[in-house]
There are 2 protein chains.
Amino acid sequence: MTDHKLGHVAVTIKEVARVAGVSTATVTRALSNPEVVRPTTRERVREVAASLGYHPNRAARGLITGRTGNLGLLVPDLANPFFPSIVKGVQGRAHEADHAVFLADTDEDPAAEAGLVRKLAKQVDGIVLCSPRMAEPELRTLAAEVPTVLVYRRIAGVPSVTAEFLDGMRQAISHLVALGHQRIAYVAGPRRSWANRERVRSLRAVARKSGVELCEMGNVAPQFHGGVSIADRVLATEVTAVIAYNDLVALGLLHRFAARGVAVPDDLSVLGFDDIPLAEMVHPALTTVALPKEEAGQAGVDLLLRLLDSHQEVRRELPTHLMVRGSTGPAR
Amino acid sequence: MTDHKLGHVAVTIKEVARVAGVSTATVTRALSNPEVVRPTTRERVREVAASLGYHPNRAARGLITGRTGNLGLLVPDLANPFFPSIVKGVQGRAHEADHAVFLADTDEDPAAEAGLVRKLAKQVDGIVLCSPRMAEPELRTLAAEVPTVLVYRRIAGVPSVTAEFLDGMRQAISHLVALGHQRIAYVAGPRRSWANRERVRSLRAVARKSGVELCEMGNVAPQFHGGVSIADRVLATEVTAVIAYNDLVALGLLHRFAARGVAVPDDLSVLGFDDIPLAEMVHPALTTVALPKEEAGQAGVDLLLRLLDSHQEVRRELPTHLMVRGSTGPAR
DNA sequence: ATGATCACTGTAAACCTTTTCATCGAGCGA
DNA sequence: TCGCTCGATGAAAAGGTTTACAGTGATCAT
């Protein structure tokens with residue numbers, strides 16, 4: 001931007017215009033609206049610009065276009081290993097589209113989210129929002145103020161990226177049924193979480209169809225300690241398999257089961273959701289329903305850019321895949 | 001920024017000036033240079049600004065001041081659980097200072113880093129750089145072009161935040177020696193990594209002093225699979241304890257040891273570095289040297305802001321702590 | 001030959017803020 | 001009372017880009 005230590009100043013459009021022997025208007029056109037300028041002129045300008053190392057000043061451009069070239073990305077908790085992959089996806093696609101990404105982390109505090117979004121809003125063209133918990137009306141208000149794409153949340157009238165939970169659940173249950181499991185526990189995540197509601201809904205539907213007996217267990221924090229805290233209650237039931245709200249919870253279960261001397265999968269099968277990197281690092285490795293993460297981030301950016309320049313409101317639903325690993329086995 | 005769906009336009013400084021009955025110059029002064037305007041005027045202006053919901057347009061401000069109010073943050077791999085905490089620290093402190101954070105992830109590709117930094121540089125006032133691998137001269141060049149603070153890397157003449165590796169290593173070795181270990185393996189990380197070189201250096205110094213026999217083992221990728229891949233070679237040596245380059249590598253070791261039926265810590269003690277969240281999620285939980293992460297991020301921002309407005313080049317070295325968990329025990 | 005159309009390019013205004021410089025009146029010492 | 005200084009404020013320029021509008025010369029149909 002400014003000269004830091006050396007005395008070299010940024011080259012402006014005027015300089016390019018002077019060297020190329022044209023007006024600044026032609027320079028800007030040659031660079032961002034190439035088809036309206038004569039090929040020979042266009043090339044000359046572009047060469048001069050390149051040789052001088054010219055890059056338009058984003059502040060000046062933003063001042064007049066009203067666009068910043070920046071996107072916002074809000075995630076509830078970067079420490080939750082589910083999110084870094086989403087961030088990477090957003091990053092990558094945004095850079096391809098020559099946009100930079102502002103990242104904000106709400107520390108799992110839905111109350112802080114709206115404020116943060118509004119703060120971010122002033123500096124970005126649009127926002128990719130991962131907000132499993134924020135109340136629906138508030139979300140809707142927000143989406144009306146700032147161009148927004150939801151990731152892993154669906155609301156009527158707001159573009160969104162989600163995954164095929166129902167199909168994922170179907171794969172999970174089929175897998176367990178094939179292994180002979182008939183009584184299955186589900187450890188629920190946060191009550192207000194959209195993802196949890198979705199999972200419960202698909203789980204019930206699938207369970208009913210396949211005739212397995214479902215044992216739903218109280219809501220826990222979507223984290224490792226959530227799983228740890230409910231593990232003993234799971235053991236007190238008569239199930240042969242347990243599906244956790246997500247992988248972190250599943251890992252918490254695994255941890256506590258190991259401490260209690262319960263063999264997985266011999267005594268009990270454990271199945272997670274998300275497929276975070278840790279899932280295959282533990283022993284036994286965790287069988288889990290993989291949700292697209294990087295792809296979801298990319299899709300979020302795609303949808304946002306589309307929303308920005310053609311006001312299209314689209315939704316996308318990405319496929320899920322069951323990853324069979326060591327934590328599930330034949331029913332006892 | 002612009003009106004999204006409703007037709008409300010952003011309120012400008014002119015509007016505030018008109019309503020408050022002063023010139024725009026006075027408005028800007030009242031808000032960002034309060035001591036030069038008469039108290040009564042100042043308050044009137046501030047009230048009007050607040051009631052109108054005025055916020056200075058950052059692009060316009062940036063155009064004239066040359067500052068963007070943004071910071072850049074570059075990390076090698078967000079999927080490595082060491083970094084999200086750093087990001088959180090940077091985030092938090094930056095927001096307190098009313099700066100937004102551009103995040104970029106280099107996907108562990110040191111070659112891409114310089115380019116990314118330069119790209120980022122145009123949109124930020126300064127950069128917090130986590131670059132364990134980039135060559136020193138290149139890093140120095142970069143730091144001369146853009147105000148930069150290094151995190152977990154130290155180079156003469158560039159502000160940096162690091163941790164007391166030597167002391168951490170001392171704690172680790174004392175712990176192992178107290179448990180009766182005399183032959184200890186070290187699984188090295190990437191050869192070009194500054195952190196690895198630092199660890200080797202301190203390890204050798206401490207080992208010599210305490211008379212333990214050191215068995216250094218080849219360089220592995222600083223990831224889970226790195227640990228997995230070298231585990232068998234560790235078993236082939238006659239050590240009773242192994243220190244891994246970082247927690248991920250340690251977890252890889254643990255994983256493979258479990259598969260081979262080697263009991264940890266009974267047959268072999270394992271010690272990591274970093275203290276990532278996973279360290280206490282596995283069974284047995286990992287004993288590790290905890291490095292400050294969130295604090296490092298905060299310190300990085302502090303140093304950067306100081307560098308920006310008073311050209312002070314400072315370095316800071318944060319304390320480390322040994323976290324004793326289940327993976328270390330008495331020597332066999 | 002004339003007017004219309006077209007492709008291309010230039011001029012100047014506009015975006016919003018900060019900052020320099022000038023102005024004005026009040027207070028003060030002489 | 002005069003001349004100065006000082007505090008408070010306003011007018012206007014500056015920052016770099018984009019874009020609406022105007023202008024140019026060439027081509028084409030009449």
Side-chain angles (χ1 to χ4, degrees), chain A residues 1-3 8-46 48-49 52-70 98 121-123 125 308-309, chain B residues 1-3 8-46 48-49 52-70 98 121-125 309:
Chain A
M1 169 116 306
T2 65
D3 42 333
H8 76 135
V9 192
V11 27
T12 78
I13 200 174
K14 264 188 181 161
E15 183 68 3
V16 177
R18 196 180 58 73
V19 175
V22 295
S23 73
T24 62
T26 300
V27 175
T28 190
R29 280 189 285 246
L31 296 175
S32 53
N33 217 359
E35 67 278 9
V36 304
V37 15
R38 186 160 47 129
T40 67
T41 320
R42 182 205 309 158
E43 287 319 309
R44 181 160 39 99
V45 170
R46 301 196 124 183
V48 170
L52 262 51
Y54 168 73
H55 293 279
N57 177 317
R58 321 232 353 171
R61 168 181 290 177
L63 186 54
I64 187 154
T65 61
R67 298 221 358 202
T68 60
N70 301 332
D98 211 30
K122 293 191 294 276
Q123 314 183 51
D125 299 333
L308 286 176
D309 52 46
Chain B
M1 171 110 308
T2 65
D3 38 336
H8 75 134
V9 192
V11 27
T12 78
I13 200 175
K14 262 189 183 163
E15 183 68 3
V16 177
R18 197 181 56 75
V19 174
V22 295
S23 72
T24 62
T26 300
V27 175
T28 190
R29 280 190 283 247
L31 296 175
S32 52
N33 218 359
E35 68 278 10
V36 304
V37 12
R38 186 159 48 125
T40 68
T41 320
R42 182 204 310 157
E43 286 318 310
R44 181 159 40 97
V45 171
R46 301 196 125 185
V48 171
L52 262 49
Y54 168 74
H55 293 277
N57 177 317
R58 314 203 44 140
R61 168 181 290 177
L63 187 54
I64 186 152
T65 61
R67 293 211 18 189
T68 60
N70 301 332
D98 211 31
K122 293 190 296 273
Q123 313 184 52
V124 301
D125 299 333
D309 52 48

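Remark: C1' of C:dT11 and NZ of A:K14 are 13 Å apart, rounded to the nearest angstrom. In this entry the distance linking CG of A:N33 with P of C:dT9 reads 13 Å, nearest Å. Atom CZ in B:R61 sits roughly 9 Å away from atom P in C:dT19 (whole-Å rounding). Taking atom CZ of residue A:R38 and atom P of nucleotide C:dG10, one finds them 10 Å apart after rounding to whole Å. Here the C1' atom of nucleotide D:dG16 and the OH atom of A:Y54 are 7 Å apart, to the nearest Å. In this structure, A:K122 atom NZ and C:dT17 atom P are separated by 13 Å, rounded to whole Å. Per the geometry, CG belonging to A:L52 stands 15 Å off P belonging to D:dG16, to the nearest Å. Atom pair B:L63:CG and C:dT18:P shows a separation of 11 Å (rounding to whole Å applied).
In this structure, B:R42 contributes its side chain and B:E35 its backbone to no donor-acceptor pair below 3.5 Å.
Candidate nucleotides D:dT17, C:dC8, C:dC16 were compared by shortest atom distance to the side chain of B:A60, and C:dC16 ranks first. Looking at the side chain of A:V22, the nearest of the listed nucleotides C:dC15, C:dG10, C:dT17 is C:dG10. Of the candidate nucleotides D:dT9, C:dC15, D:dT18, D:dT18 has the atom lying nearest to any side-chain atom of A:I13. Which of D:dT18, D:dT9, C:dT17 sits closest to the side chain of A:T28 comes down to D:dT18. Candidate nucleotides C:dT19, D:dG15, C:dG10 were compared by shortest atom distance to the side chain of A:T26, and C:dG10 ranks first. Proximity note for B:T12 (side chain, C-beta onward) versus D:dT18, C:dT19, C:dC16: the nearest is C:dC16.
With axes fitted over five pairs at each extremity, the angle between the ends of the helix from C:dA1-D:dT30 to C:dA30-D:dT1 is 50° (10° resolution).
Contact of B:R29 with D:dG10 (side chain to base): a donor-acceptor pair of N or O atoms is detected under 3.5 Å.
Closest approach of A:I13 and A:T24 over heavy atoms only: CD1-O, 3.6 Å. Contact between B:S23 and B:A17 at its shortest, heavy atoms only, is C-CB, 3.8 Å. In terms of heavy atoms, A:T26 sits closest to A:T41 at CG2-CG2, 4.1 Å. In plain terms, the two heavy atoms of A:L31 and A:Y54 that are nearest each other are CD1-CE2, 3.6 Å. Annotation for A:L52 and A:V11: closest pair O-CG1, 3.3 Å, computed over non-hydrogen atoms.
Heavy atoms of A:T41 sit under 4.0 angstrom from primed sugar atoms or phosphate atoms, though from no base atom.
Residue-to-nucleotide proximity on DNA chain D shows that, of A:A25 and B:I64, the 5′-proximal contact is made by B:I64.
Residues passing the salt bridge (Lys or Arg N to Asp or Glu O under 4.0 Å) test with B:R18, sequence neighbours excluded: B:E15.
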